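Count residues from 1 along the sequence. The structure displayed is predicted, hence computed values, not measured ones.
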Amino acid sequence: MLTELATTLRAALGIHHKRDIQVAAAHLQPYLAQQSSESAILLGDDCAAIPQGDAYLLLAAEGMWPTLVETEPWFAGWCAILVNVSDIYAMGGQPIAVVDTLWTVSEPQAEPLWQGMMAAAKTFEVPIVGGHTNCHSPYAALSVAILGRAKRLITSFDAQPGHTLLWLGNLEGRSHPIYPFWDAATMADPATLRRQLALLPTLANQGLCQAGKDISMGGVIGTTLMLIETSGCGAVLDIAAIPRPAEVPLDCWLLSFPSYGFLLSVSPEQVPTIQTMVAAEGLACAAIGSITTGHTLTLTLGTESIPFWDTQRNPLTGFSSP
């Protein structure tokens, strides 16, 4: 079973889309090499962490999948805010504001995109403060950029051999009828959702977690690959240990964007404290594997084990440990 599952996962579009990042890596890595170690802004994380005194400004941007913009514009607008907010919290930060860039063929086509963005901005209490709008475009497209601030960082570069991998997420939601998306946000109580997101900066500020990522498109499998690639480590992932809604098939869940989902790499002694804090918010938190030496992600399921991907031989994003 595991061999067939691994074959399906390797061929997944969500994972192969991550390889497009190699284009950016090829252009930006030479620039990174020219920076001094004291001023370097590491590339390949959920956000760029820009030192500012004793804290960090966090800067990120996301472009929305064109198919989603065309077929479900309200949902695309909502997700454009959601994914950016998630990136900020994933790095231990608090969002400050967003700007958007929007292209549509007409004003009526822009309206549901705006309605979705405004609904999410209200839910997450993150103002839209500017951007760019073109309603005379030959196509529809949407991207959003976000600014945040963090006191202490959770980064993709600090996973260490011996760390426990924790899956943190919300199993209260519903599957999207078409796309690999678990919606635990659009119908959630906004105050509860904001409080649950605030767990991430709390973990960072209390020194309980220094490494992790939000689970993005490509699911927990793609996110684990990105984490070990930037940290220069390997990992073992126990597929059976990953919390999953009963109605979602395993292969789909492993590649799904969970709307509220984070992969954390933490010292084993911190696991009980983190799980207690997470449980108090009604969320799921499970140990699903460990960080190892080397560069290989190994998948296990019951008594089966298979080397899934070597990020040194076969880079995913092209951004690696400095």
Side-chain angles (χ1 to χ4, degrees), residues 2-3 5-7 9-10 12 15-16 18-19 21-22 25-26 29 32-33 37 40 42-46 49 90-92 152-168 203-204 207-216 218-243 254-255 261-275 285-322:
L2 185 57
T3 299
L5 178 62
T7 299
L9 296 175
R10 287 193 193 100
I15 289 180
H16 283 277
K18 299 297 184 185
R19 308 192 79 167
I21 300 171
Q22 292 184 28
Q29 288 285 27
L32 181 63
S37 58
L42 298 180
L43 305 179
D45 222 328
D46 289 311
M91 290 194 64
R152 300 180 70 176
L153 293 176
I154 297 172
T155 85
S156 300
F157 296 92
D158 286 347
Q160 302 291 327
H163 276 189
T164 297
L165 282 172
L166 289 179
W167 185 97
L168 166 59
L203 294 177
L208 295 171
C209 179
Q210 294 81 41
K213 293 185 73 66
D214 80 312
I215 299 175
S216 60
V220 66
I221 298 296
T223 300
T224 304
L225 286 174
M226 290 190 289
L227 177 64
I228 65 173
E229 184 176 25
T230 49
S231 288
C233 300
V236 175
L237 204 60
D238 181 359
I239 298 300
I242 300 172
L254 295 175
L255 297 166
F262 301 90
L263 181 69
L264 307 180
S265 177
V266 304
S267 299
E269 60 268 21
Q270 306 291 11
V271 171
T273 300
I274 294 173
Q275 288 182 319
C285 182
I288 63 170
S290 60
I291 297 295
T292 65
T293 57
H295 301 276
T296 299
L297 173 59
T298 298
L299 303 182
T300 67
L301 184 62
T303 59
E304 296 182 90
S305 177
I306 189 169
F308 177 73
W309 198 297
D310 185 320
T311 60
Q312 188 173 58
R313 289 184 181 180
N314 189 17
L316 185 66
T317 70
F319 287 117
S320 57
S321 179

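- Between the T155 side chain and the F157 main chain, a donor and an acceptor come within less than 3.5 Å of each other.
- Q22 contributes a side-chain N or O that, together with a main-chain N or O of L316, makes up a donor-acceptor pair within less than 3.5 Å.
- A donor-acceptor contact shorter than 3.5 Å is absent between the side chain of D214 and the backbone of S216.
- Listed by chain and number, the residues in a side-chain hydrogen bond (donor to acceptor under 3.5 Å, both in side chains) with D45 are S156 (sequence neighbours excluded).
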Going through the distances and angles, do L301 and L2 end up as a side chain to side chain contact (heavy atoms under 4.5 Å, CB included)? CA-CA 7 Å; L301 184 62; L2 185 57; 4.0 Å; yes

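- Put simply, the side chain of Q275 gets close to the backbone of C285: a donor and an acceptor are under 3.5 Å apart.
- Taken from CZ in R152 to CE in M91, the straight-line distance is 14.0 Å, to the nearest 0.5 Å.
- Considering CG of L299 and CD of E304, their distance stands at 11.0 Å, rounded to 0.5 Å.
- A 4.5 Å side-chain heavy-atom check between I242 and I288 finds at least one atom pair inside the cut-off.
- No side-chain heavy atom of T300 sits less than 4.5 Å from a side-chain heavy atom of I239.
- Between Q160 atom CD and T292 atom OG1 the span is 12.0 Å, to the nearest 0.5 Å.
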Side chain to side chain contact (heavy atoms under 4.5 Å, CB included), that's the test. Do L165 and L237 meet it? Break it down for me. CA-CA 8 Å; L165 282 172; L237 204 60; 4.0 Å; yes

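- Atom-to-atom distance recorded for L166:CG and S290:OG is 11.5 Å, nearest 0.5 angstrom.
- When the side-chain contact (heavy atoms from CB on, under 4.5 Å) test is applied to A211, the partners found at least two apart in sequence or on another chain are D158, A159, S265.
- Qualifying side-chain contact (heavy atoms from CB on, under 4.5 Å) partners for A26, counting only residues two or more places apart in sequence or in other chains: none.
- Shown here are the side-chain hydrogen bond (donor to acceptor under 3.5 Å, both in side chains) partners of T317, two or more places apart in sequence or in another chain: E229.
- Rounded to the nearest 0.5 Å, atoms OG1 (T230) and CZ (F319) are 10.5 Å apart.
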Can you list the steps and then say if T296 with I228 is a side chain to side chain contact (heavy atoms under 4.5 Å, CB included)? CA-CA 8 Å; T296 299; I228 65 173; over 6 Å; no

Are I215 and L168 close enough, and set up right, to give a side chain to side chain contact (heavy atoms under 4.5 Å, CB included), and what steps lead you there? CA-CA 9 Å; I215 299 175; L168 166 59; over 6 Å; no

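- Applying the side-chain hydrogen bond (donor to acceptor under 3.5 Å, both in side chains) criterion to T224, with sequence neighbours excluded, gives no partner residue.
- Across A241 and A287, no two heavy atoms sit closer than the pair CB-O, 3.6 Å.
- Proximity of a side-chain donor or acceptor of R10 to a complementary backbone N or O of F308 within less than 3.5 Å is detected.
- Contact between I154 and A204 at its shortest, heavy atoms only, is CG1-CB, 3.8 Å.
- Residues satisfying the side-chain contact (heavy atoms from CB on, under 4.5 Å) criterion with Q312, sequence neighbours excluded, are H295, D310.
- Evaluation of the side-chain contact (heavy atoms from CB on, under 4.5 Å) rule for C233 yields P161, S231, I291 as partners, not counting sequence neighbours.
- For D46, the salt bridge (charged side-chain N to carboxylate O under 4.0 Å, His left out) partners are K213, not counting sequence neighbours.
- Going from atom CG of L208 over to atom OG of S267 covers 9.5 Å, rounded to the nearest 0.5 Å.
- Counting only distance, with no hydrogens or angles, the side chain of T7 and the backbone of T3 share a donor-acceptor pair below 3.5 Å.
- Nearest heavy-atom pair across W167 and P243 is CE3-CG, 3.5 Å.
- Residues satisfying the side-chain hydrogen bond (donor to acceptor under 3.5 Å, both in side chains) test with R19, not counting sequence neighbours, are N314.
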